[in-house]
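Worksheet: the structure to be examined is printed underneath.
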Amino acid sequence: MVIQAMRLAFFGALIAGIGLAAGAPATPVSADSFPIATDARLGGDETQTRFVLDLSRRIDLHLFTLADPYRVVIDVPQVTFRLPPKAGENGRGLIKAFRFGLVMPGGSRMVIDLVKPARIDKAFVVDAADGAPARLVLDLVATDRESFLRKIALDQRFARAQAPPSREQQSSGDARPLIVLDPGHGGIDTGTKGPNGQMEKDIVLDFSKRLQEKIETAGKYRVLLTRTDDTFVPLAERVRFAREAGAALFMSIHADSLPRREGDAQGATVYTLSETATDPAAARLAEQENRADVIAGVDLKEQPDDVAGILIDLAQRETKTFSIEFANKLVGTMKETTRLHKEPIKSAGFRVLRAPDVPSVLVELGYVSNKEDLQSLSSDSWRDHAANSMASAIDGYFSAHLARARAGAN
Ligand SMILES: [Zn+2]
């Protein structure tokens, strides 16, 4: 490991262009022209740990996690490390130790070894103020291995955005169809809110977990969720997750609301993707749901959309047919247990439905702005019934679809 070999002494004077990997000639730039890290501190315990790095000025950062052993990696522009001797050797709380150094000309990295799986709760840089230096702050919260690995899977997909999905690889060992459930929103993006502060992100996560149980009960299908806790996942990542996992079906789960001045609406609606929205309300809803990334502060420029540019009508014709077929099945079984919107099937340009090769629907379970709907959404028995009817739609869809696929092209 390049970084492990690098010690503090390395960064005393001139470090620009050291060219660690290739032995490239150094560019004569003074180390002082780079931001300088002067101190690092750890606080907290094994449930919550804070890492603070004092800096001469603000820097940008990019973080990701690695497993086996558990690590957090912080990539930053080139930094001159002038930390106290032995900095990073002793840990605290969730942090076992940390190391730091240049990984390429212009880029430094800190690698934090974890005692156990941890989630990055917050990571930010504050400007110098009131005599205090600029600081990089990283807050870690203990998590379980499954959530930790899920986050890595998402990060890796992000990193190799352009790589084609390797379905065979992913699905080997288990031939059962994979259904990816996508609880909308999460983390900083709360989604819509009910009158007493009920948040869409919580309602849909609870519901998705219930639905997962129902689908898995029969043992015929595998289910993965795009998020299993209150974390934010960018829209493109949700799509990519489904594609690369080899999903046979993608269901994004949401709850809607109507501003008071627009009257009342109630019931569930199933949406499929189309370039032209069914009606202005559907178009507005798609626009609203598509804002998730913006709300969460995701830099859209850094969100490679490997689906962008594909002409929906060409690449998605078959997928679209299947999506509509499933939407119909869904409405057919849901109407037995659930109040449906007066026009229960619609389409609009939802970003999260853009996988060209995975039949996808977005379900708005109901309106949190409607009293009865909200009551249903918060009711255990409603969730149970609704999830049951959705699971039976899934089974109906696959029974028909797989039989056809075996007889036909596949
Ligand atoms: Zn939503």
Side-chain angles (χ1 to χ4, degrees), residues 154 180-212 225-239 241-242 250-260 262 264-274 277-298 300 303 323 327 330 334 338-341 343-355 360-370 373-374 376-378 382-383 386-387 390:
L154 287 167
V180 169
L181 299 180
D182 173 49
H185 314 278
I188 191 171
D189 170 26
T190 60
T192 193
K193 278 186 190 162
N196 298 318
Q198 302 94 331
M199 290 185 276
E200 179 185 355
K201 65 171 184 177
D202 297 330
I203 293 172
V204 299
L205 180 61
D206 279 359
F207 187 85
S208 299
K209 286 180 174 170
R210 180 73 54 99
L211 181 55
Q212 176 180 22
L225 270 62
T226 54
R227 67 178 178 97
T228 52
D229 55 14
D230 185 20
T231 49
F232 176 76
V233 183
L235 295 171
E237 291 307 316
R238 296 168 191 257
V239 177
F241 181 84
F250 177 85
M251 290 176 78
S252 194
I253 309 292
H254 291 257
D256 206 349
S257 73
L258 210 59
R260 200 162 246 170
E262 291 179 28
D264 201 7
Q266 60 176 24
T269 313
V270 179
Y271 290 86
T272 57
L273 177 68
S274 70
T278 331
D279 55 48
R284 262 207 312 280
L285 177 73
E287 203 177 293
Q288 194 182 307
E289 299 290 12
N290 288 347
R291 284 192 68 234
D293 286 354
V294 175
I295 289 166
V298 171
L300 295 178
Q303 287 290 301
S323 302
L330 206 48
M334 283 178 78
T338 311
R339 194 182 309 110
L340 297 180
H341 188 266
E343 296 165 64
I345 296 187
K346 291 187 184 184
S347 60
F350 295 91
R351 272 178 56 103
V352 80
L353 300 182
R354 282 182 171 270
S360 303
V361 301
L362 183 143
V363 181
E364 296 282 349
L365 295 169
Y367 288 81
V368 298
S369 51
N370 176 270
D373 273 11
L374 184 60
S376 296
L377 291 167
S378 340
W382 180 88
R383 289 178 182 185
M390 288 163 85

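Counting starts at 1 for both ligands and their atoms, in listed order. Being a predicted model, the structure only gives us computed values, none of them experimental.
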Checklist line | Any N, O or S atom of Glu364 closer than 2.8 Å to the Zn ion (ligand 1) | finding: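 No, Glu364 does not qualify, because none of its backbone or side-chain N, O or S atoms lies under 2.8 Å.
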Notebook entry, point to check: With a cut-off of 2.8 Å, does Glu289 place any N/O/S atom under that distance from the Zn ion (ligand 1)?
Noted result: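 Given the 2.8 Å cut-off, Glu289 counts as a ligand of the Zn ion (ligand 1).
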Looking at every non-hydrogen atom in both residues, tell me the closest pair between [X] and [Y] and how far apart they are.
X: Tyr367; Y: Asp373; value: N-OD2, 2.8 Å
X: Arg339; Y: Ser376; value: NH2-OG, 4.4 Å
X: Leu377; Y: Val368; value: CD1-CG1, 3.9 Å

Checklist line | Side-chain touch Leu353/Ser323, heavy atoms, less than 4.5 angstrom | finding: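 No, their side chains stay 4.5 Å or more apart.
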Notebook entry, point to check: To the nearest 10°, how many degrees is the angle Glu200 OE2 to the Zn ion (ligand 1) to His254 ND1?
Noted result: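 About 90° at the Zn ion (ligand 1).
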